[in-house]
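Heads up, the thing below is written out as structure tokens.
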Amino acid sequence: MGIRFGGDYNPEQWPEEVWAQDLELMKAAHVTMVTAGIFSWAKVEPRPGEWDFGWFDRVLDGLAGAGIEVCLATMTASPPPWLSRAHPEILPEGPDGQRRWPGARQHFCPSSPVFRAHAVRLVEQLATRYADHPALAMWHVGNEYGCHTRQCFCEVSAQDFRRWLRERYGTVAALNDAWSTSFWSQAYGDFAEVLPPRTAPTFANPAQQLDYLRFGDQALKDCYLAERAVLDRLAPGVPVTTNLMPQHKPVDAFGWAPSMDVVALDFYQDPYVPDDHVRAGYVFDLMRSARGGQPWLLLEQAAGAVNWRRRNGPKPPGAMRLWSWQAVAQGADAVLFFQWRQSRGGAEKFHSAMLPHGGTDTRIFREVCELGRELAAVPGIEGTRSRASVALLADWQSWWALELDSRPSAALDHSHSALAHYRPLFEAGVACDVVPPDRDLTPYPMVVVPNLYLLTADHAARLAAYVRGGGHLVVSFFSGIVDACDRVHPGGYPGPLRELLGLRVAEFWPLAEGASVAVGGAGAHGGRADLWTEEIVPAGAEVVARFLDGELAGRPAVTRHDYGRGTAWYLGTRLEPALLRALLDDVRAAAGVAPVLPRLPAGVQATVREGAGGRYVFLLNHGCRAVEVPLPEPLRDALAPRAAAVTRVELAARGVAVLTGPGPEGGGGAAG
Ligand code: GAL
């Protein structure tokens, strides 16, 4: 079937006569898959228990007739008005006790048994009716869980939280211990006294907040699992997915991935952020890593501008193609958009679509058709995989904990830090995986750990074992500080990493806003650092660079510790980008990590996907100048399969090349 191509299809916005035209134009655009029915609940069940599936049958039959696969939504992302009128208790509440009213979407409390019962009832209808429909290719459960309603703080949620806490801790004494409630007179005598962390006079208990984030994620996952259980029972064997947004905080993509048959992503690059493709690169690598390298689906992106930023930039010519190929280059087996036909009314009428208001004679539609044609021309990419030599650690538990209030500095930001550490690797053309701390790290010669504030002793032991076995590890400041209950590891910072790093941190010294210090020293790369400094006391580690001014002048800023057969580097400050790049280059050299292609011009991304049938090399020019890329071996142009093999490629600004060569087993080039 090849890389799936298409978008959200919301035909209920249009009279039926438009649907036939939709099918014709979808064929012209080489659409192979649509996600249908995401917001159709009110139309298939206009009144309680009164089902109207006739129109949707016709939609699915038409798609099947056109040979277009359907990723069929369970339709539960926006409950119909009659449901919230009959059961206002399904509406979510904010931490301030304010109800979130209907009128938009996702207005349900994830813990509401009433909502879940109605959702399950709807999914039973859908699964029974469409399990054997020829268009059905996979199920799309809900939609972007946690996008709008991240957590609910209502009384129903409070009860569900207490149940969750009982399961987690067993006794109220264990809860008191985990939450350090002996401080500020917070000790509970009974689970019944426990509340969600609603708006309080000042900082709420951090362990309570952390558990509420865990619980919120689980409550959303329970909604997903309840629907999934129906699908598994009534439509066994059909793959199940939901669209994740790992760039958002509430849903732990690593935690959800095992319960999905294939992971799917919604990602909207911002054309007004000059290098947003690096952020995309990080998220795409995370998606590919979520199920151990299994291809993933880009389920939503925009054909042009979105409508929800303050200023919504269109995608300039070639950008949509480039960023779509970027997803494929980083492991996607599907490129879909929100949405097929641009709405005339409603909240998203100024959001671009594959078929714009202006119709077929538009740049966007022409670019969409051309991309569909190109993707269809290279069917062999589907299912191929990549190998990475560097792993970047990411962990939702630590993200949640790091950004709670009452920390040494409120300026620490997980996403910013993850990207700062990822960027130099991306720009050096190194293949990265983004993995959770419980993943096997032995396949990676190098592992990078951005501020992993919450680190269990167990995970720290895995890092130590990795280095002892010969790994090269880079750890940034404010890592390994607290346990799973946000309690400081005993014995001084960074508790479980001290022996591995060969040092202790005596005192944190976060910098004032706008302040920076000089870093360098004999034989070291020199430059500036900001955000954070700390007093490092080496205990076996060698000093790589020192602070050159400020209160900590002369003290270590960067260290290196040979440990077992490997080495652990430690960064006690936020190095400016050039300095971090130089340091990571040194670590790469020590670890023997090479870029995917040598001599890659700046701004060009190179990736490789391979499978039994062959090898695909993707070259993506994110720069605004044409460049020439030398190839280490002759490769054929997969987009022009009759052309002879080449040893250099001209890439226009925003240009893309898809090249093929023999696969790992020496199989023939797979261009089709
Ligand atoms: C997503 C959502 C879509 C659409 C899109 C617009 O968050 O799943 O339904 O709203 O954003 O960018």
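All figures in this text were calculated on a predicted structure; none of them were measured in a lab. Numbering of ligands and ligand atoms starts at 1, following listing order.
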Go through it in stages, so that I can follow the logic: the residues are Gln125 and Glu45, the test is side chain to side chain donor-acceptor pair (under 3.5 Å), and I'd like the CA-CA distance, side-chain angles, deciding distance and then a yes or no. CA-CA 10 Å; Gln125 291 283 327; Glu45 193 183 13; over 6 Å; no
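Classification of Glu370 and Arg321 as a salt-bridged pair fails, no side-chain N sitting under 4.0 Å from a carboxylate O.
We find the CG-OH distance between Leu126 and Tyr130 to be 7.0 Å, quoted to the nearest 0.5 Å.
Enumerated by chain and number, the residues approaching ligand 1 to less than 4.0 Å through a heavy atom are Phe39, Arg105, Asn143, Glu144, Asp266, Tyr268, Glu300, Trp308, Phe338, Glu348, His351.
Annotation: cation-pi geometry satisfied between Arg341 and Trp14 (NZ/CZ under 6.0 angstrom from ring centroid, within 45° of ring axis).
The shortest non-hydrogen separation linking Pro250 to Gly146 is CG-O, 3.4 Å.
Checked options Thr74, Thr241, Asp261; the residue passing with Arg228 is Asp261 (criterion: side-chain hydrogen bond (donor to acceptor under 3.5 Å, both in side chains)).
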